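Predicted model only: the values in this text are computed from it and were never measured.
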Amino acid sequence: MLTITGLDDSRFADGILLLDSGRLAAIDATRLTTTTPWTDGPHEFTGVRLAALTDFLGLSDGVLVAQALNDYSVEIPVSEAVPDGAIIAYAIDGLPMPVRSRGPLWVIYPFDQNPDYRSEVTYTRSIWQMNRLEVRP
């Protein structure tokens, strides 16, 4: 589901980590209800907090290059991984997200809870159909 590269190879073999939804949930399973510019009405997203994932990976700086199935990519600074910030969602309204519904993973910000996230920069970082993260210094 999610392939992470560029990791410290003293902690992760060959600097690579593969995570399915079960392993993501084991790191952190959180729920976030928000509206988005791309959906109708509020939805409950389930996923791992970006902050919990970067803590798990031992990252404190650098950039995450998030890539989608169609090779679209966007950079997300590790500094943006804050406790009440984005999650990497793997379910919407309790159901896994199929590829045709923006799955398998979608970076979701708490748009309703923090108006600072309603910006073009954040909307650009809300990558869907994500399946890869590359860690860069």
* Side-chain (Asp14) to main-chain (Ile16) donor-acceptor, under 3.5 angstrom -> no
* **Atom pair OG1/CZ of Thr35 and Phe111 - distance to nearest 0.5 Å** => 8.5 Å
* Asked: Would you call Glu134-Arg132 a salt bridge at under 4.0 Å N-O?
  -> no
* Does the side chain of Leu53 reach to within under 4.5 Å of the side chain of Ile4, using non-hydrogen atoms? -> yes
* **Check: Gln129 side chain, Val99 main-chain N or O, donor-acceptor pair, under 3.5 Å** => yes
* Structure fact -> On a heavy-atom basis, the closest approach of Gly85 and Arg49 is O-NH1, 4.4 Å
* Do Val74 and Val65 share a hydrophobic cluster, counting only Ile, Leu, Val, Met, Phe, Trp and Tyr and linking them when any side-chain heavy atoms are less than 4.5 Å apart? -> no
* State which residue, out of Asp55, Asp28, Ile108, Ile76, fulfils the side-chain contact (heavy atoms from CB on, under 4.5 Å) condition with Leu50. => Ile76
* Would you say the side-chain atoms of Arg125 pair up with the backbone N or O of Glu75, donor to acceptor, closer than 3.5 Å? -> yes
* Candidate pair Leu17 and Arg23, rule side-chain contact (heavy atoms from CB on, under 4.5 Å), full reasoning -> CA-CA 11 Å; Leu17 179 64; Arg23 291 186 74 193; 3.8 Å; yes
* Are Val121 and Val82 connected, step by step, through hydrophobic side chains (Ile, Leu, Val, Met, Phe, Trp, Tyr) whose heavy atoms are closer than 4.5 Å? -> no
* **Nearest heavy-atom neighbours spanning Ser126 and Trp106** => O-NE1, 3.3 Å
* Chi angles and distances behind the side-chain contact (heavy atoms from CB on, under 4.5 Å) call for Thr54, Leu64 -> CA-CA 9 Å; Thr54 56; Leu64 301 171; 4.1 Å; yes
* Does the gap between the ring centers of Tyr109 and Tyr123 come in under 6.0 Å? -> no
* To do: Starting at OG1 of Thr3, measure out to CD of Gln67 and round the result to the nearest 0.5 Å.
  => 10.0 Å
* To do: Report yes or no: do Tyr72 and Met1 belong to one cluster of Ile/Leu/Val/Met/Phe/Trp/Tyr joined by side chain heavy-atom distances under 4.5 Å?
  => yes
* Spacing of OG1 belonging to Thr34 relative to OH belonging to Tyr117, to within rounding of 0.5 Å -> 11.5 Å
* Atom CG in Asp93, atom OG1 in Thr39: separation rounded to 0.5 Å? -> 9.0 Å
* Decide if atom CZ of Arg31 counts as having more than 12 heavy atoms of other residues, nucleotides or ligands within a radius under 6.0 Å. => no
* Asked: side-chain contact (heavy atoms from CB on, under 4.5 Å) between Gln113 and Asp84: does it pass, once the steps are laid out?
  -> CA-CA 9 Å; Gln113 291 78 7; Asp84 293 327; over 6 Å; no
* Could you tell me which non-hydrogen atom of Ala86 sits nearest to which non-hydrogen atom of Pro110, and how far apart they are? => N-CD, 4.2 Å
* Approximate separation, where rounding is to 0.5 Å, of Leu19 CG and Leu57 CG -> 7.5 Å
* Residue pair Tyr90 / Gly47: nearest heavy atoms and the distance that separates them -> CE2-CA, 3.3 Å
* Asked: For the atom pair OG1 (Thr46) and CD1 (Ile88), what is the distance rounded to the nearest 0.5 Å?
  -> 14.0 Å
* Using 30° and 60° as the class limits, which term best fits the ring planes of Phe12 and Phe56: parallel, tilted or perpendicular? -> tilted
* Asked: Would a hydrophobic clustering, with Ile, Leu, Val, Met, Phe, Trp and Tyr connected at side-chain separations under 4.5 Å, put Val78 with Leu2?
  -> yes
* Asked: Does Leu32 share a hydrophobic cluster with Trp38, counting links as ILVMFWY side-chain heavy atoms below 4.5 Å and allowing steps through other members?
  -> yes
